[in-house]
Number of protein chains: 2
Amino acid sequence: MTAAMQLTSVLKTLADPTRRAVFERIAREGEVAATGLVHGSKVSQPAVSQHLRALRDAGLVIERREGRHIHYRVAPKGLGPLVDWLGHYQTFWAERFENLERLLKETES
Amino acid sequence: MTAAMQLTSVLKTLADPTRRAVFERIAREGEVAATGLVHGSKVSQPAVSQHLRALRDAGLVIERREGRHIHYRVAPKGLGPLVDWLGHYQTFWAERFENLERLLKETES
DNA sequence: CATTTATATAAGCAATGGCTTATATATTGA
DNA sequence: TCAATATATAAGCCATTGCTTATATAAATG
């Protein structure tokens, strides 16, 4: 799998709002079981299951089985292809980058 | 248009490899006419035209008419929604971010 | 073992997407 | 005004996508 293909996979996976919402919820909650994600979701259990599979296939989340439950968390390197690609376009978002840089430094202290 | 919708638009637009290639070429060449993009493209003129429209609608490129030619360049703020969104997930790509930070500093000097 | 709970898979459907060919609309210049 | 060039739009086609309902699998528990 080439870098371009991985990037395409990440972009396509995050492009769907419902699926991105699932990802964001996993990120926010740290670790969630699939059931938890179904509750409070607009779509059905199979739909959530399909989205989780897509997120996993794209390398964006990791699953950990615990009995009947499967817990999901964000994969640390999942956003890597996206970040790397954006790195090539620094000149086009340098200003915002400065903001992030400042933010990071504030967070450190 | 909400921030989430803009992000969806940017992600969907960049998710197609052919269209992303067009964007990358515009970024690389600085300013290109549509004809220039058609030459050396795998797809037809209408296809390129459709991709350019999508890129423009997503706010990723800007067009400048000059006689019969329309020149495209990357819109500085186009990647903004993506960068902003990624900002919320710093913890998941902090390491790569450090690399970028280092790279930026090297570039400055 | 039987039932309940958690998740995945199958099948089908309507909508979307990206491409093509054909044609329309500028814009320029002879 | 006519022909050539540059780009856009229209229409149609096929593949993909996201959803649904129905069903299958897996694991825990009585």
Side-chain angles (χ1 to χ4, degrees), chain A residues 1 4-26 29 31-75, chain B residues 1 4-26 29 31-75:
Chain A
M1 175 104 106
M5 285 168 63
Q6 286 184 39
L7 176 58
T8 297
S9 171
V10 168
L11 287 168
K12 280 187 126 127
T13 304
L14 293 174
D16 179 71
T18 309
R19 187 162 48 231
R20 193 171 68 247
V22 171
F23 175 82
E24 288 172 346
R25 226 178 123 189
I26 294 172
E29 306 191 11
E31 199 177 49
V32 217
T35 308
L37 293 165
V38 171
H39 292 162
S41 167
K42 241 11 185 177
V43 296
S44 68
Q45 177 268 317
V48 172
S49 181
Q50 286 157 20
H51 284 313
L52 287 171
R53 188 189 213 298
L55 287 168
R56 179 164 51 73
D57 289 352
L60 287 165
V61 300
I62 290 167
E63 58 180 44
R64 179 177 65 83
R65 176 138 228 158
E66 195 180 295
R68 300 187 267 208
H69 299 260
I70 300 184
H71 298 271
Y72 288 88
R73 62 181 204 281
V74 169
Chain B
M1 175 104 107
M5 284 168 63
Q6 286 185 38
L7 176 58
T8 297
S9 171
V10 168
L11 287 169
K12 279 187 127 125
T13 304
L14 294 173
D16 179 69
T18 308
R19 186 162 48 231
R20 193 170 67 245
V22 171
F23 175 82
E24 288 172 346
R25 225 178 123 187
I26 295 173
E29 306 191 11
E31 199 176 49
V32 218
T35 308
L37 292 166
V38 171
H39 293 161
S41 167
K42 238 17 184 175
V43 297
S44 67
Q45 177 268 318
V48 171
S49 182
Q50 285 157 21
H51 284 312
L52 287 171
R53 189 188 212 300
L55 287 168
R56 180 163 51 73
D57 288 353
L60 287 165
V61 300
I62 290 168
E63 59 180 43
R64 179 178 64 84
R65 175 139 229 160
E66 195 179 296
R68 300 186 266 208
H69 300 258
I70 300 185
H71 299 271
Y72 288 89
R73 62 181 203 282
V74 169

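Residue numbers start from 1 in every chain, and the chains themselves are labelled A, B, ... in the order their sequence lines are given, proteins ahead of strands.
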Quiz item: Rounded to the Å, how far apart are A/H69 NE2 and D/dT29 P?
Solution: 9 Å
Practice problem: Would you classify B/A47 as touching base, sugar-phosphate or nothing, given that sugar-phosphate means primed atoms plus P, OP1 and OP2, and contacts are heavy atoms under 4.0 Å? | Solution: base
Self-check item: For atom NE2 of A/H39 and atom P of C/dT5, their distance in whole Å
Solution: 11 Å
Practice problem: Output yes when at least one side-chain N/O atom of A/T18 is less than 4.0 Å from OP1 or OP2 of D/dC19, else no. | Solution: yes
Quiz item: Taking the side chain of B/V43 as heavy atoms from C-beta outward, which of C/dA8, D/dT20, C/dT20 is closest to it?
Solution: C/dT20
Quiz item: Heavy-atom distance under 4.5 Å between the side chains of A/R73 and A/H71, does that happen here?
Solution: no
Quiz item: So, A/T8 side chain and A/A4 main chain: donor-acceptor pair closer than 3.5 Å or not?
Solution: yes
Quiz item: Which whole-number value in Å describes the distance from A/R64 CZ to C/dA6 C1'?
Solution: 15 Å
Is there any protein nitrogen or oxygen under 3.5 Å from a nitrogen or oxygen in nucleotides 22-30 of chain C, and what are the pairs?
none

Exercise. Rounded to the nearest angstrom, tell me the gap between atom CG in B/D16 and atom C1' in D/dT17.
Key: 14 Å
Quiz item: For B/Y72 and B/I26, which heavy atoms make the closest approach, and how far apart are they?
Solution: O-CG2, 3.7 Å
Quiz item: Could you give the CD1-to-C1' distance, from B/I70 to D/dT5, as a whole number of Å?
Solution: 13 Å
Quiz prompt | Rounded distance (Å) that lies between atom C1' of C/dT5 and atom NE2 of A/H71 | solution = 14 Å
Practice problem: Can you tell me the distance, in whole Å, between the CG atom of B/L14 and the C1' atom of C/dG17? | Solution: 16 Å
Self-check item: B/R20 versus B/L14, closest heavy-atom pair with distance
Solution: NH1-O, 3.0 Å
Quiz prompt | For A/L55 against A/V22, the heavy-atom pair lying closest together | solution = CD1-CG1, 3.8 Å
Quiz item: Which pair of heavy atoms, one from A/K12 and one from A/R19, lies closest together, and at what distance?
Solution: O-NH2, 3.4 Å
Quiz prompt | Minimum heavy-atom distance B/T13-B/A58, with the two atoms named | solution = OG1-CB, 3.4 Å
Exercise. Tell me whether the OP1 or OP2 atom of C/dC19 has a side-chain N or O from B/S44 closer than 4.0 Å.
Key: no
Quiz item: Starting at the 5' end of DNA chain D, which residue's closest nucleotide do you reach first, A/A15 or B/Y72?
Solution: B/Y72
Exercise. Kindly give the heavy-atom pair with the smallest separation between B/A75 and B/I62, and that separation in Å.
Key: CB-CG1, 3.6 Å
Quiz item: Do side-chain atoms of A/R56 reach the backbone of A/V61 as a donor and acceptor pair under 3.5 angstrom?
Solution: no
Self-check item: For DNA chain C, the residues among residues 48-60 of chain A that have a non-hydrogen atom under 4.0 Å from it
Solution: A/S49, A/Q50, A/R53
